Structures are given as structure tokens and as C-alpha cells.
Amino acid sequence: MRKIIVLSFITLDGIMQAPGGPEEDTSSGFKYGGWVAPYFAEADEAAAELMAKQMKPADLLLGRKTFDIFASYWPEHADNWPGINDVTKYVMSNTLDESGLPAGQAGWKNSVFLKNVDDIKKLKNSVGSDIQVHGSGNLIQTLLKHDLVNELWLKTFPIILGVGKRLFGEGTIPAAFALTESLVTPNGVIFANYKRAGKVKTGTVGD
């Protein structure tokens with residue numbers, strides 16, 4: 001069985017929308033796109049090494065919007081993400097064909113299209129490497145709702161935005177996770193990796 005790993009940049013209040021740039025996702029009038037940039041401009045060596053480790057080639061599972069953003073950029077900038085063009089990109093979409101983009105447009109090689117949750121379950125149960133999910137807010141909600149996330153690799157930034165798409169939305173099932181790796185940068189970014197660890201346990205403090 002293959003693991004599905006969600007990698008996400010989030011704020012202290014759980015916002016994950018448009019971390020990379022002002023035009024990345026302006027839906028619902030979001031005006032804070034690019035909120036991670038000031039922190040990465042001051043990233044230390046340990047953080048850079050951990051980011052490089054997490055960006056090593058791996059098959060990807062992407063939502064339609066994130067796939068469109070990636071397909072328009074990474075094929076021509078693969079030096080900044082070695083192997084991105086060669087790994088398999090699994091895309092949740094009911095509108096794209098096997099070319100990787102709407103009919104008549106150039107496609108992105110090694111793109112495979114999935115139609116529903118059952119397709120994701122079949123993928124998860126297949127033989128192969130772990131699968132990373134980047135961006136893809138709506139897809140992540142689906143994965144969390146159906147308990148298909150094995151690990152969360154989160155980068156939490158010391159800001160709150162109050163508005164925007166959140167990593168954990170309505171429909172997320174209760175679930176326990178265990179910390180497997182962590183790092184705090186000098187400018188306050190918390191790198192924390194978690195693995196799925198069974199059901200939520202409750203009790204009374206002091207008993």
C-alpha cells in the first residue's frame with residue numbers, strides 16, 4: 001500500500017490559500033497571496049535542507065486548480081524541482097483528458113486522471129512510491145473526509161490572516177496523529193511531520 005502525504009504551508013489560524021504568490025489563488029477576493037515569501041527570504045540552512053529533502057522526486061496527487069498552476073510553470077522550470085517532469089502526476093478532474101490539459105492544448109507528460117474517491121483508493125492500494133499532495137485545498141478536504149491521509153508534513157508560519165481557505169474544513173473526521181520530525185527556524189516557522197496514529201482518545205485531566 002502506498003502512503004498519501006499532505007505537504008502544506010499554513011498560518012497559525014490554519015489558512016493555506018495562495019502561499020506562493022499574489023496571483024496564485026485570488027478566489028473570494030483573497031489579497032494576501034505570497035505570505036510565505038518574507039520568511040523564506042530569511043530561511044536558515046537547516047530549514048533549506050529539510051525543504052530540499054521534502055521536495056525530492058515523488059509521485060504527486062493534485063487537484064485540478066493546482067495541476068493547472070503547476071502545468072503552466074514547472075515544465076519550463078524543472079531545474080528548481082528536479083524530477084518534477086518525470087514523476088507521475090495523478091489529477092482529480094472530471095473535465096481534463098489524457099493530454100493533461102483541455103483538448104487542443106499541449107499536455108504535461110506523465111499525467112494520469114482520476115475521477116472519484118474510488119480511483120484514489122485504488123491508487124493508494126497499488127504498488128509504488130509514496131504519493132505527495134501539494135496545494136490542492138479541495139482535494140485535501142476529500143482525502144481527510146475519507147481518512148485517506150497517512151502523513152501531514154506541515155510548515156506553520158507565525159501569522160494569522162483571518163480569511164482564506166483552511167487546511168482543515170468541515171467534514172474532516174476526528175483522527176489522531178503522532179509527531180515524527182520537527183524543526184523551528186529562527187524566524188518562527190515550525191516544520192512538523194505527523195503520521196496517522198489511530199482514533200482520538202479522550203479522558204479527564206488529573207485522573
Side-chain angles (χ1 to χ4, degrees), residues 3-28 30-63 65-67 69-70 73-74 77-85 87 89 129-141 143-144 148-169 172 175-197 200:
K3 292 192 295 186
I4 293 180
I5 303 171
V6 169
L7 299 88
S8 187
F9 303 110
I10 61 172
T11 65
L12 290 175
D13 55 339
I15 303 300
M16 63 171 294
Q17 186 169 349
E23 305 303 322
E24 185 176 328
D25 181 1
T26 59
S27 59
S28 300
F30 189 73
K31 60 182 180 180
Y32 299 108
W35 46 269
V36 306
Y39 297 91
F40 276 126
E42 303 173 5
D44 66 352
E45 183 176 346
E49 289 179 358
L50 186 52
M51 280 298 300
K53 177 182 176 181
Q54 294 189 358
M55 298 291 281
K56 287 184 178 179
D59 287 352
L60 304 179
L61 175 60
L62 305 171
K65 181 176 290 186
T66 298
F67 176 75
I69 294 170
F70 278 24
Y73 180 83
W74 285 114
H77 299 84
D79 289 345
N80 296 324
W81 193 348
I84 183 64
N85 288 329
V87 302
K89 279 74 67 174
S129 65
D130 294 340
I131 303 165
Q132 294 187 352
V133 181
H134 295 262
S136 308
N138 291 335
L139 172 60
I140 291 174
Q141 304 307 311
L143 296 174
L144 291 170
L148 293 173
V149 175
N150 295 95
E151 297 186 16
L152 297 166
W153 293 1
L154 307 181
K155 276 73 69 175
T156 304
F157 290 72
I159 56 173
I160 58 175
L161 298 179
V163 296
K165 297 176 181 177
R166 298 180 183 276
L167 177 62
F168 302 106
T172 300
F177 285 82
L179 182 69
T180 59
E181 186 175 5
S182 64
L183 171 73
V184 181
T185 70
N187 59 6
V189 180
I190 300 172
F191 286 68
N193 295 357
Y194 303 90
K195 67 178 181 180
R196 188 73 168 82
V200 173

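This is a predicted model, so every value here is computed, not measured.
When each of L62, L7, L143 is checked for a side-chain contact (heavy atoms from CB on, under 4.5 Å) with V133, only L143 meets the rule.
Counting only heavy atoms from C-beta outward, the side chains of L152 and F168 approach each other to under 4.5 Å. At a threshold of 4.5 Å between non-hydrogen side-chain atoms, the residues T11 and F157 do not count as touching. The shortest distance between side-chain heavy atoms of I159 and Y39 falls below 4.5 Å. In this structure the side chain of E24 reaches within 4.5 angstrom of the side chain of I69, judged on heavy atoms. Residues F70 and W81 have side chains in contact (heavy-atom distance under 4.5 Å, counting atoms from C-beta outward). Residues I140 and M16 meet the side-chain proximity criterion, which asks for heavy atoms closer than 4.5 Å. For the pair S28 and K165, the minimum side-chain heavy-atom distance is 4.5 Å or more.
In terms of heavy atoms, D25 sits closest to K65 at OD1-NZ, 3.8 Å. Minimum heavy-atom separation, P57 to V87: CB-CG1, 4.0 Å. Nearest approach of F177 to N150, heavy atoms of both residues: CE2-O, 4.3 Å. When all heavy atoms of I15 and W35 are compared, the pair lying nearest together is O-CZ2, 3.6 Å. What you find for G33 and F30 is that their closest heavy atoms are N-CE2, 3.6 Å. Closest heavy-atom contact between A175 and R196: CB-CZ, 3.3 Å.
Atom CG in L61 sits 11.0 Å away from atom CD in Q132 (nearest 0.5 Å). Taking CG of L154 as the start and CG of N193 as the end, the distance is 8.0 Å to the nearest 0.5 Å. Taken from OG1 in T156 to CZ in F191, the straight-line distance is 10.0 Å, to the nearest 0.5 Å. Note that the CG atom of L167 and the CD1 atom of I10 stand 5.5 Å from one another [nearest 0.5 Å]. Taken from CD1 in I5 to CH2 in W153, the straight-line distance is 4.0 Å, to the nearest 0.5 Å. Note that the CD atom of E181 and the CD atom of Q54 stand 7.0 Å from one another [nearest 0.5 Å].
K89 contributes a side-chain N or O that, together with a main-chain N or O of I84, makes up a donor-acceptor pair within less than 3.5 Å. Side chain of T26 to main chain of E23: no donor-acceptor pair is present (N/O by atom type, distance under 3.5 Å, no hydrogens or angles). No donor-acceptor pair under 3.5 Å is formed between the side chain of Q17 and the backbone N or O of G164.
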Test side chain to side chain contact (heavy atoms under 4.5 Å, CB included) on L60 and H134; report intermediate values, then the result.
CA-CA 8 Å; L60 304 179; H134 295 262; 3.8 Å; yes

Taking it one step at a time, do N80 and Y73 satisfy side chain to side chain contact (heavy atoms under 4.5 Å, CB included)?
CA-CA 11 Å; N80 296 324; Y73 180 83; 4.1 Å; yes

Would R166 and D13 count as a side chain to side chain contact (heavy atoms under 4.5 Å, CB included) here? Give the steps.
CA-CA 8 Å; R166 298 180 183 276; D13 55 339; 4.0 Å; yes

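Other residues, nucleotides and ligands contribute only 12 or fewer heavy atoms inside 6.0 Å of the CD1 atom of I160.
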